[in-house]
Amino acid sequence: MQTKIKKFSELTLHQYHYLMANRVAVFVVEQACPYQEIDAIDMQAYHFWLEDEQANLLAYARVYSEEQLVHFGRVLVKKKERGKGLGKELVRQIIEWIQVYFPGEKMHIEAQTYLYNFYTSFGFEAVSEEYLEDGIPHINMEKKDYATS
């Protein structure tokens with residue numbers, strides 16, 4: 001398994017298309033949630049993914065900084081790869097990377113509520129009430145300390 005981290009400007013057209021196709025497959029098709037999946041944040045984000053030896057995507061997320069907060073989101077693990085700990089590995093690596101490249105900045109996520117316990121295991125705390133985003137329950141969470149699990 002290999003970790004890839006690239007700014008938008010460093011992605012090849014093929015890579016960008018492949019990453020976006022996988023995001024649409026999970027967040028629009030699989031979750032039956034029609035919304036504008038590809039947005040302007042993609043152009044300022046770091047795209048962070050895990051791939052196997054054949055360069056097949058296993059897991060993905062994007063990371064970006066805005067208003068003294070570092071956000072990460074669009075976290076996905078391909079359906080056939082779930083249950084193997086790849087989501088946990090991806091988030092662990094993202095947190096470590098943020099600590100190096102955005103030291104001292106608070107991490108902020110807009111988590112789907114069913115993943116609340118997953119993110120609290122990394123030290124995230126709820127900072128909002130549950131709300132609906134595109135018909136899916138979410139909760140805002142932040143990580144103030146830099147201890148990882």
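We're numbering straight along the sequence, starting at 1. Not measured: the values here are computed from a predicted model. The basis for the numbers below is simple: all heavy atoms, side chains too, and nothing from hydrogens, waters or symmetry mates.
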* Evaluate side chain to side chain contact (heavy atoms under 4.5 Å, CB included) for Asn22 paired with Lys78, printing each intermediate quantity in order. => CA-CA 8 Å; Asn22 278 279; Lys78 286 191 72 165; 3.4 Å; yes

* Asked: Which of these, Leu57, Leu76, Ile38, sits in a side chain to side chain contact (heavy atoms under 4.5 Å, CB included) with Leu19?
  -> Leu57

* Do you know which two heavy atoms are closest between Ala126 and Ile139, and how far apart they sit? -> CB-CD1, 3.5 Å

* Under 3.5 Å, is there a donor-acceptor pair between the Trp97 and Gln99 side chains? -> no

* Report yes if the side chains of Val75 and Tyr119 come closer than 4.5 Å at any heavy-atom pair, otherwise no. => yes

* Asked: Hey, does Met107 have a side-chain heavy atom less than 4.5 Å from the side chain of Ile95?
  -> yes

* For residues Phe72 and Phe122, establish whether the separation of their ring centroids is below 6.0 Å. => no

* How far does OG of Ser128 sit from CD of Glu110, to the nearest 0.5 angstrom? -> 8.5 Å

* Non-neighbouring partners of Glu133 that pass salt bridge (Lys or Arg N to Asp or Glu O under 4.0 Å), sequence neighbours left out -> none

* Should the heavy atoms of other residues, nucleotides or ligands under 6.0 Å from OH of Tyr101 be counted, would the total exceed 12? -> no

* Is the shortest heavy-atom distance from the side chain of Arg62 to the side chain of Ile41 under 4.5 Å? -> yes

* Residues that Gln112 engages under side chain to side chain donor-acceptor pair (under 3.5 Å), provided they are two or more places apart -> Gln31

* Residues Leu58, Val77; criterion side chain to side chain contact (heavy atoms under 4.5 Å, CB included); working and verdict -> CA-CA 6 Å; Leu58 303 172; Val77 175; over 6 Å; no

* Should we count CD of Glu66 as having more than 12 external heavy atoms under 6.0 Å? -> yes

* Is the closest side-chain donor-acceptor distance between Tyr60 and Arg23 under 3.5 Å? -> yes

Counting only pairs under 3.5 Å, give me each side-chain donor-acceptor contact of residues 1-9, with atom names and distances, residues two or more places apart or in other chains.
from	atom 1	to	atom 2	distance (Å)
Thr3	OG1	Gln93	OE1	2.6
Thr3	OG1	Gln93	NE2	3.3
Lys6	NZ	Gln15	OE1	3.2

* Asked: How about Glu105 and Ser65: does a side-chain donor come under 3.5 Å of a side-chain acceptor?
  -> yes

* Within-4.5 Å side-chain heavy-atom neighbours: Ile109 and Asn140 -> no

* Asked: Between Asp39 and Arg74, does at least one N-O distance fall below 4.0 Å, as a salt bridge requires?
  -> yes

* Is any side-chain N of the basic residue among Glu81 and Lys84 closer than 4.0 Å to the acidic one's carboxylate O? -> yes

* Asked: To the nearest 0.5 Å, how far apart are NE2 in His138 and CD in Glu129?
  -> 16.0 Å

* Asked: Are there more than 12 heavy atoms of other residues, nucleotides or ligands under 6.0 Å from atom CG of Leu132?
  -> yes

* Under the side chain to side chain contact (heavy atoms under 4.5 Å, CB included) rule, what do Arg92 and Ile94 come out as? Steps first, then yes or no, please. => CA-CA 6 Å; Arg92 182 190 65 75; Ile94 288 170; over 6 Å; no

* Is it true that the side chains of Tyr64 and Asp42 contain a donor and an acceptor less than 3.5 Å apart? -> no

* Please confirm whether the backbone N or O of Pro137 pairs with a side-chain atom of Thr113, one donor and one acceptor, at under 3.5 Å? => yes

* Can you tell me how far the CE atom of Met43 sits from the CG atom of Leu11, to the nearest 0.5 Å? -> 12.5 Å

* To do: Consider only side-chain N and O atoms of His108 and Glu142, and report whether a donor and an acceptor are under 3.5 Å apart.
  => yes

